[in-house]
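Okay, so here's the structure we're looking at.
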Amino acid sequence: MDMARHLITSAIPYINGIKHLGNLVGSQLPADLFARYQRGRGHEVLFLCATDEHGTPAELAAAKAGKPVPEYCAEMHQVQARIAEGFGLSFDHFGRSSSPENHRLTQHFAAKLYENGLIREVSETQMYSRADGRFLPDRYIEGTCPNCGFESARGDQCDNCTKQLDPVDLINPHSTISGSTDLEMRETKHLYLCQSQMKDELEAWIDSKTDWPVLTTSIAKKWLNDGDGLQDRGITRDLDWGIPVKRGDKDWPGMEGKVFYVWFDAPIEYIACAQEWVNAGKGGDWARWWRTDAGAGDVTYTQFMGKDNVPFHTLSFPATILGSGEPWKLVDYIKSFNYLNYDGGQFSTSRGRGVFMDQALEILPADYWRWWLLSHAPESSDAEFTWENFQASVNKDLADVLGNFVSRVTKFCRSKFGEVVPEGGAWGAQEKSVIDELTTRIRAYEGHMEAMEVRKSAGELRAIWVAGNEYLQEAAPWATFKEDPARAAAQIRFALNLIPLYAALSAPFIPFTARTMLEAMTLDADWPGDIAQALERMPAGHGFAVPDNLFAKIADDSREDWQQRFAGTRD
RNA sequence: GGGCCUGUAGCUCAAUGGUUAGAGCAGGGCGCUCAUAACGCCUUGGUUGGGGGUUCGAAUCCCUCCGGGCCUACCA
């Protein structure tokens, strides 16, 4: 097989707090699924993610925690890194958008864009809060809606009547941070990225991507063509914490004290993260992944993200890369996801509603979550987490279909032949028939995984597990053992060999369990090419151990407890 | 307001305009006894949100109405 090279990035999670299961299934988890699959197929993979650390919310969260921003971010990065590890997210590097590498690279891109005439200065007025000592983004200002009278209307939009607002329109405006009404419109100068100049180029590029998910292209087209078309975008902010506005390593006259906007520097971190990966001693050459003049021409680059991130990845970031005039690698495929809702509503951090990543790992192993989330990934529309559905899927798919299969095979063998692959007999028509079915299904599974059809992949994998139980029922080694022990030995040898096969195929979904299965069989993972051959990996005499039950069922009591615990404070 | 997505079995979801709309779960029946009372086989269940249209043929394309969701450029 040709060795391909896959660059894979997950949308980088914001530093402000621990993410919920909806965030996880929208980017990091499917990205990990794809990365593990491509590695399993023997391809070269660079899988990158990072924390997105700049912006107003980070500064406010640090202030609330009573810590300097750099310290707060460093701590939260560690927290997120540990949780990611707990979920088995197999990043080659988990970087930080505040890294020195990203500072240099972001300033470099700004210089190139400036040289190419794609940056202009704009003088504008923005709401300034004297009490808070800072400019406030529109949504940090609340007041009474001039249209409907709603008293908690945000400066960008009224949550009650959904009309778009300008903060100056609000009646009795005040800061949501301090409550202060001491606000004024103050003049400030900012840099804008001239995306509008690149509209045609971007549109032609989007149009060429006919295989992208509708969700991705429809959002991109909307931004390209809505109203007056693609608008130039401010890429600087008046904040303390961020990447100082410079042209390369030179000062930018008139922009002292300002930083780049987080949505300018965050995607650049995808590249800087590869440099961090090298500087951390994990890799030798980042350019062969990112520079088409240094070998990245044969790289396939895939991005994973929730739908809210699509405009930045389809338009702003490509504009940055193309506008630089340098040979950077552009994304080849953007896989986007809808949202996961929680039990009839949205996940809510402020109301403590829904399950967050740290809590999930406290109550159940990562594979339980990975399986449910991936097999219900919100691909075609928003999806919904309910505890009943979660309980049913985990108990049926994992415990009954896969876990019990491994249990019944290994325990039967131990009681009749000992913990060693039995000798005798040969495969017949039944085994041939199973090999044919598995071959068909595994090739279909590979097709779905290549296409990043997550739910279809999960469905096919489950059918592959079911085939093992069907075989046992038909072969009935417990019956043949009485008449023809050699035949039973061949049957159980065949069934035992399904275990490492299943482990290899299942590893992208449930890596921890897959490892347990392989360790019990004392084998390494090996992606099956020829299935008949793959089922000869454990010959007669090969020792194994009966593993503990792979999955515990979720009891009704536990489910009800969790349902209560994570319901949050409703209204 | 505008745009996009979505509505299919009790539940979660499939189905390049082409046989009788399919899976899993749940429900019912039978079988098996190796296994975590697990597994296998069979089976009930549909006016594809409503109405109209195009077509030899519509879940699929068009119009309209109803419901759900998302986005709408200063949260990230």
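Within every chain, numbering begins at 1; the chains are lettered A, B, ... in the order of the sequence lines, protein sequences first and strands thereafter.
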Which is true for [X] with a 4.0 Å heavy-atom rule: it touches a base, it touches only sugar-phosphate, or it touches nothing?
X	answer
A:Asp308	base
A:Gln126	base
A:Ile492	nothing
A:Pro57	sugar-phosphate

Could you check how far [atom1] of [X] sits from [atom2] of [N], rounded to whole Å?
X	N	atom1	atom2	answer
A:Asn338	B:C5	CG	P	11 Å
A:Asp228	B:G3	CG	C1'	15 Å
A:Asn395	B:U36	CG	P	15 Å
A:Phe385	B:G69	CZ	P	20 Å
A:Phe312	B:C74	CZ	C1'	10 Å
A:Leu315	B:A73	CG	P	14 Å
A:Leu498	B:A35	CG	P	18 Å

Distances for protein N or O near nucleotides 59-62 of chain B N or O, under 3.5 Å:
none

[X], nearest nucleotide to its side chain (from [options]):
X	options	result
A:Arg139	B:C32, B:C74, B:C75	B:C75
A:Lys222	B:G3, B:C75, B:C70	B:G3
A:Val262	B:C75, B:A38, B:A76	B:A76
A:Tyr339	B:U12, B:C71, B:C74	B:C71
A:Pro137	B:C74, B:U12, B:A73	B:C74
A:Trp263	B:C5, B:C75, B:A76	B:A76
A:Asp400	B:A38, B:C70, B:G40	B:A38

For [X], give me all partners under side-chain hydrogen bond (donor to acceptor under 3.5 Å, both in side chains), at least two apart in sequence or on another chain.
X	answer
A:Ser375	none
A:Asp484	none
A:Ser407	A:Lys411

Ring centres under 6.0 angstrom apart (A:His376, A:Phe385):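 Centroid separation for A:His376 and A:Phe385: 6.0 Å or greater.
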Please tell me whether A:Trp371 and A:Trp465 form a close aromatic pair, meaning their ring centres lie under 6.0 Å apart.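 Yes, the ring centres sit under 6.0 Å apart.
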Just by modelled atom types, is the A:Tyr339 backbone N or O under 3.5 Å from a matching donor or acceptor in the A:Asp382 side chain?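 Side chain of A:Asp382 to backbone of A:Tyr339, a donor-acceptor pair under 3.5 Å: yes, one is there.
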Hey, does the side chain of A:Tyr445 reach the backbone of A:Leu505 with a donor-acceptor pair shorter than 3.5 angstrom?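 Yes, A:Tyr445 side chain to A:Leu505 backbone: donor-acceptor pair under 3.5 Å.
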Check side-chain contact (heavy atoms from CB on, under 4.5 Å) between A:Glu124 and all other residues, then give those that pass, not counting sequence neighbours.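 Applying side-chain contact (heavy atoms from CB on, under 4.5 Å) to A:Glu124 gives A:Val122, A:Gln126, A:Thr188, A:His190, A:Tyr192.
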Any donor-acceptor pair, under 3.5 Å, between the side chain of A:Asn404 and the base of B:A38, if you only look at N and O atoms?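 By the distance-only test, no, there is no pair.
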Checking A:Asp436 now: which residues fulfil salt bridge (Lys or Arg N to Asp or Glu O under 4.0 Å) with it, not counting sequence neighbours?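 Partners of A:Asp436 under the salt bridge (Lys or Arg N to Asp or Glu O under 4.0 Å) test: A:Lys432.
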Under 3.5 Å, N/O pairs linking protein and nucleotides 41-45 of chain B:
unit_1	atom_1	unit_2	atom_2	d
B:C41	OP1	A:Glu470	OE2	3.2

Presence of [X] side-chain N/O under 4.0 Å of [N] phosphate oxygens OP1/OP2:
X	N	result
A:Gln346	B:C70	yes
A:Ser380	B:A14	yes
A:Tyr261	B:A76	yes
A:Arg233	B:C74	yes
A:Lys553	B:A38	yes

Spatial distance of atom CG (A:Leu398) from atom CG (A:Leu550) [nearest 0.5 Å]: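 If we round to the nearest 0.5 Å, A:Leu398:CG and A:Leu550:CG are 9.5 Å apart.
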Of residues 405-420 of chain A, the positions that come close to RNA chain B - non-hydrogen atoms, cut-off under 4.0 Å: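 When residues 405-420 of chain A is checked for heavy atoms under 4.0 Å from RNA chain B, the hits, listed by number, are A:Ser407, A:Arg408, A:Lys411, A:Phe412.
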Counting only non-hydrogen atoms, which of residues 440-457 of chain A are less than 4.0 Å from RNA chain B?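 Heavy-atom cutoff 4.0 Å gives A:Arg455, A:Lys456.
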Quick one: which protein N/O atoms are closer than 3.5 Å to N/O atoms of nucleotides 24-26 of chain B? Pair and distance per line, please.
unit_1	atom_1	unit_2	atom_2	d
B:G24	O3'	A:Arg462	NH2	3.4

Side-chain donor/acceptor pairs under 3.5 Å, residues 413-422 of chain A, sequence neighbours excluded:
unit_1	atom_1	unit_2	atom_2	d
A:Ser415	OG	A:Phe412	O	3.1
A:Glu419	OE1	A:Val546	N	2.9

When you look for runs of 3 or more Watson-Crick or G-U pairs in a row, both distances below 3.5 Å, which of them include RNA chain B?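 RNA chain B stems, ordered by first number: B:1-7 with B:66-72, B:10-13 with B:22-25, B:27-31 with B:39-43, B:49-53 with B:61-65.
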5'-most contact on RNA chain B: A:His190 or A:Leu215, nearest heavy atom basis?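 Looking at RNA chain B, the more 5' nearest nucleotide goes with A:Leu215.
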Answer yes or no: are there more than 12 heavy-atom neighbours, outside A:Asp211 itself, under 6.0 Å from its atom CG?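 Counting other residues, nucleotides and ligands, CG of A:Asp211 exceeds 12 neighbours.
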